[in-house]
Amino acid sequence: MFDLPTDTSMDRRHYRWFRKFLIDEGFVMMQESVYTKICLNMHAVNKVELNVRKNCPPHGLVQVMSVTERQFAAMKLMVGESDTVHIQTDERMIVL
């Protein structure tokens with residue numbers, strides 16, 4: 001999750017660069033300024049966190065939260081429509 005300033009042209013440049021970095025690293029936008037990425041284990045989570053920390057912009061707020069697949073799948077939709085493109089289960093799927 002992030003909240004970055006966009007007051008100056010340099011702030012906007014940092015915002016665009018950080019957002020592009022997240023997408024290039026395999027993050028998917030869940031909602032505005034909230035990006036998610038699935039990691040297989042805590043070792044992978046730690047590597048992702050370190051990589052994000054190294055690429056944080058100089059100003060603003062960047063936060064990382066880890067949740068399990070089961071916790072994520074148990075998320076409840078309060079307002080809005082469910083995105084049917086994504087799988088809504090905690091079962092693992094392997095595509096070969």
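Model, not experiment: these values are computed from the prediction.
Taking the six-membered ring where the residue is Trp, F18 and F2 present perpendicular rings, their angle passing 60° and hence far from 30°.
The OG atom of S66 sits 9.5 Å away from atom CD of Q71, with the distance rounded to the nearest 0.5 Å. Rounding to the nearest 0.5 Å gives a distance of 13.5 Å between CD of E25 and OH of Y35. Atom CG of D3 and atom NE2 of H59 lie 14.0 Å apart (nearest 0.5 Å). Atoms CE and OG1, from M42 and T68 in turn, are 11.0 Å apart once rounded to the nearest 0.5 Å.
Counting heavy-atom neighbours within 6.0 Å of R12 CZ, excluding the residue itself, gives a total above 12. Within a 6.0 Å sphere centred on CE of M65, other residues, nucleotides and ligands contribute 12 heavy atoms or fewer.
By the rule that hydrophobic residues join a cluster once side-chain heavy atoms approach within less than 4.5 Å of another member, V34 and V28 end up as members of separate clusters. M1 is not connected to L61 by any chain of hydrophobic side-chain contacts under 4.5 Å among Ile, Leu, Val, Met, Phe, Trp and Tyr, and they are in different clusters. Taking hydrophobic clusters as Ile, Leu, Val, Met, Phe, Trp and Tyr residues chained together by side-chain heavy-atom distances below 4.5 Å, M29 shares a cluster with Y15.
Looking at heavy atoms from C-beta onward, L4 lies in side-chain contact with V62 at the 4.5 angstrom threshold.
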Inset, instruction - Using the side-chain contact (heavy atoms from CB on, under 4.5 Å) rule, take F72 and I38 through it: C-alpha gap first, then chi angles, then the decisive distance, then the call. - result: CA-CA 10 Å; F72 188 82; I38 295 176; over 6 Å; no
Inset, instruction - Evaluate the criterion side-chain contact (heavy atoms from CB on, under 4.5 Å) for residue pair L50 and K47; output intermediate values, then yes/no. - result: CA-CA 5 Å; L50 182 62; K47 288 181 77 170; 5.8 Å; no
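Taking every heavy atom of both residues into account, L22 and V52 meet most closely at CD2-CG2, 4.4 Å. Residues G60 and P5 share a closest heavy-atom pair of CA-CD, 3.6 Å.
Looking at C56, P57, S9 one by one, the single match for side-chain contact (heavy atoms from CB on, under 4.5 Å) with H14 turns out to be P57.
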